[in-house]
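Okay, so here's the structure we're looking at.
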Amino acid sequence: MNKTLFVKTYGCQMNVYDSARMADVLAPLGYRPVDNADAADMVILNTCHIREHASDKVYSELGRLRLLKEAKAKEGRRVTIAVAGCVAQAEGAEILRRQPAVDIVVGPQSYHRLPELVARAARAGGGALDTDFPIESKFDHLPDESAAQGPVAFLTIQEGCDKFCSFCVVPYTRGAEASRPALAVLQEAERLVAKGAKEIVLLGQNVNAYRGPGPNGETWSLARLLDTVAAISRLERLRYTTSHPKDVTDDLIAVHGAQPKLMPYLHLPVQSGSDRVLEAMNRRHSVDDYRRIVERLRLARPDIAVTSDFIVGHPGETEADFEATMTLVKDIGFAQAYSFKYSARPGTPAAALTDQVPAQVMDERLARLQALILEQASAFNRRMIGRTVDVLFERDGHRAGQRLGKSPYLQSVHVQDDNLSIGELRPVEIRSASAVSLEGRLADGARDAAAA
Ligand code: 5AD
Ligand code: SF4
């Protein structure tokens with residue numbers, strides 16, 4: 001009965017959440033988590049397919065695992081290898097063909113079927129596949145999560161995407177938008193808080209498209225869900241990610257102004273600052289729509305930190321289009337942003353377009369955009385120096401006696417203090433800043449009022 005499980009997670013926070021749930025569903029079979037493949041009877045690669053080279057990385061990792069599996073077989077131990085996540089969904093049976101050492105391929109909607117797949121693979125000596133989009137929701141069939149996630153807990157409330165951006169695989173790998181019932185979310189949130197979570201991050205590929213069935217047949221919005229989860233008394237902080245501009249509703253903006261547990265932070269990908277490119281990307285919003293949303297958010301919550309994602313070099317992007325992106329970034333002033341070179345994903349509409357942007361042009365644009373973003377992130381962080389902000393401490397830092405936590409604006413904050421415990425929420429006076437993190441010391445007094 002005593003077996004060990006190693007889950008290697010690639011990609012987004014939803015995969016982090018899913019990895020924890022896979023461990024939960026396998027626990028009754030006797031699988032105990034370990035932190036490396038060498039010590040594991042079962043290895044799951046929870047994969048990401050959003051950009052290129054993802055599947056190459058998975059295949060080379062599988063090559064290494066095959067050697068491990070063969071070495072263990074000589075010692076008389078069987079190692080089960082599973083591929084989960086979006087590469088599993090996209091490539092399916094191809095994975096079993098290309099790497100026969102793989103026993104199980106399981107798509108993101110089928111994790112509740114893992115015990116059955118493990119048994120089937122053991123019986124057949126490998127080769128169990130499940131990448132269907134089942135009618136029933138996996139959430140109804142997963143056990144209540146067993147392991148505590150720590151002071152910051154992730155909770156998936158919505159999956160899938162109906163937006164079909166030209167470049168993106170998510171609508172194909174994660175399926176149609178589906179929201180979990182409000183009551184199920186509330187119960188999970190209460191359990192997480194009972195296990196020590198001080199902060200909950202509500203997750204969804206398109207989280208603000210949340211439209212969950214309520215207990216009385218009504219439909220709940222994300223705004224209503226946020227307010228209700230915030231009412232859990234021992235919960236201190238709430239966040240949600242990732243949002244789409246099209247689904248930023250008036251009531252959601254209002255919650256940012258009115259709900260003190262909702263942190264002053266929003267990750268709102270815009271992808272491009274050119275209307276022509278947004279149209280080609282099928283984003284369903286204009287640059288002006290985005291500017292207005294940010295303006296209204298800042299009216300509701302003046303100190304809100306806005307972050308974004310950008311793609312440079314979408315097919316057809318001209319120098320003028322790229323300059324429009326640079327202008328938007330300068331005008332908005334982001335707290336942080338992630339930027340990527342466009343990568344053609346097989347099966348997406350953009351991959352079939354003929355006016356692909358040359359690689360050197362993409363490299364050059366990406367470097368300019370990243371330099372500007374770095375400058376903005378550094379400036380945003382420098383403005384914190386001298387201020388006192390609440391920090392929720394999540395883990396140990398690299399140095400002895402150092403703790404690492406997050407500010408309300410999701411900045412990493414290092415504090416050197418032996419008496420500080422993980423899970424504490426304490427005011428910290430910020431003393432220095434870089435583009436990626438802050439450093440400070442515990443402050444005795446009360447924190448500042450939010451600075452604009
Ligand atoms: N190429 C480059 N970046 C992509 N993203 C999604 N698909 C692609 C792609 N094909 C980026 C988007 C998205 C983030 C999670 O990944 O910016 O917001
Ligand atoms: Fe992909 Fe667009 Fe859906 Fe985001 S909104 S997951 S980028 S298709």
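All ligand and atom numbering here is 1-based and tracks the order in the structure.
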Discussion item. Does any part of the side chain of Arg51, heavy atoms only, come nearer than 4.5 Å to the side chain of Phe340, both counted from C-beta?
Written reply: yes
Worksheet item: Do Arg365 and Glu317 have side chains that get closer than 4.5 Å, going by heavy atoms?
Response: yes
Got the closest protein heavy atom to [atom], with its distance?
| atom | answer |
| --- | --- |
| atom 9 (C) of ligand 1 | Ser343 O, 3.6 Å |
| atom 6 (C) of ligand 1 | Ile50 CG1, 3.3 Å |
| atom 7 (N) of ligand 1 | Phe167 CD1, 3.4 Å |
| atom 15 (C) of ligand 1 | Asp309 OD2, 3.7 Å |
| atom 11 (C) of ligand 1 | Arg51 NH1, 3.4 Å |

Practice prompt. Could you check Asn36 against Val34 for side-chain contact (heavy atoms from CB on, under 4.5 Å), going step by step and ending with a plain yes or no?
Written response: CA-CA 6 Å; Asn36 68 84; Val34 291; 5.6 Å; no
Fill in: For Lys341, atoms of ligand 1 separated by under 4.0 Å from a heavy atom
1 (N), 2 (C)
Response to the item:
A student checking ligand 1 against Arg345 at a 4.0 Å heavy-atom cut-off should list atoms 10 (N)
Worksheet entry | CA sep, side-chain torsions, deciding dist, call: Arg291, Leu328, side-chain contact (heavy atoms from CB on, under 4.5 Å) | CA-CA 8 Å; Arg291 289 176 190 271; Leu328 178 70; 3.8 Å; yes
Worksheet item: Backbone, side chain, both or neither: what part of Phe340 comes under 4.0 angstrom of ligand 1, heavy atoms only?
Response: side chain
Worksheet item: Which of these, Ile311, Thr348, Val270, Val170, has its nearest heavy atom closest to atom 4 (C) of ligand 1?
Response: Ile311
Discussion item. For the 3.5 Å polar cut-off, considering only N or O atoms, please tell me whether Cys168 and ligand 1 meet it.
Written reply: no
Practice prompt. Before signing off on this row, confirm whether Gln271 and ligand 1 have an N or O atom pair separated by under 3.5 Å.
Written response: yes
Item to complete: Please say which of Glu439, Gln411, Met384 ends up in a side chain to side chain contact (heavy atoms under 4.5 Å, CB included) with Ile430.
Response: Met384
Practice prompt. Measure from the ring center of His414 to the ring center of His398 and say whether it is less than 6.0 Å.
Written response: no
Worksheet entry | is_close_aromatic(Phe310, Phe334), centroid dist under 6.0 Å | yes
Discussion item. With a 4.0 Å cut-off on N to O distance, would you call Lys198 and Glu394 a salt bridge?
Written reply: no
Practice prompt. For the pair Asp227 and Arg224, find out whether any cationic side-chain nitrogen is under 4.0 Å from an anionic carboxylate oxygen.
Written response: no
Practice prompt. Could you tell me how the ring of His256 sits relative to the ring of Tyr240: parallel (under 30°), tilted (30 to 60°) or perpendicular (over 60°)?
Written response: tilted
Worksheet entry | Residue shell around ligand 2, heavy atom under 4.0 angstrom | Cys161, Lys163, Phe164, Cys165, Phe167, Cys168, Val170, Pro171, Asn206, His244, Arg283
Discussion item. Would you say NZ of Lys163 has more than 12 non-hydrogen atoms from neighbouring residues, nucleotides or ligands within 6.0 angstrom?
Written reply: yes
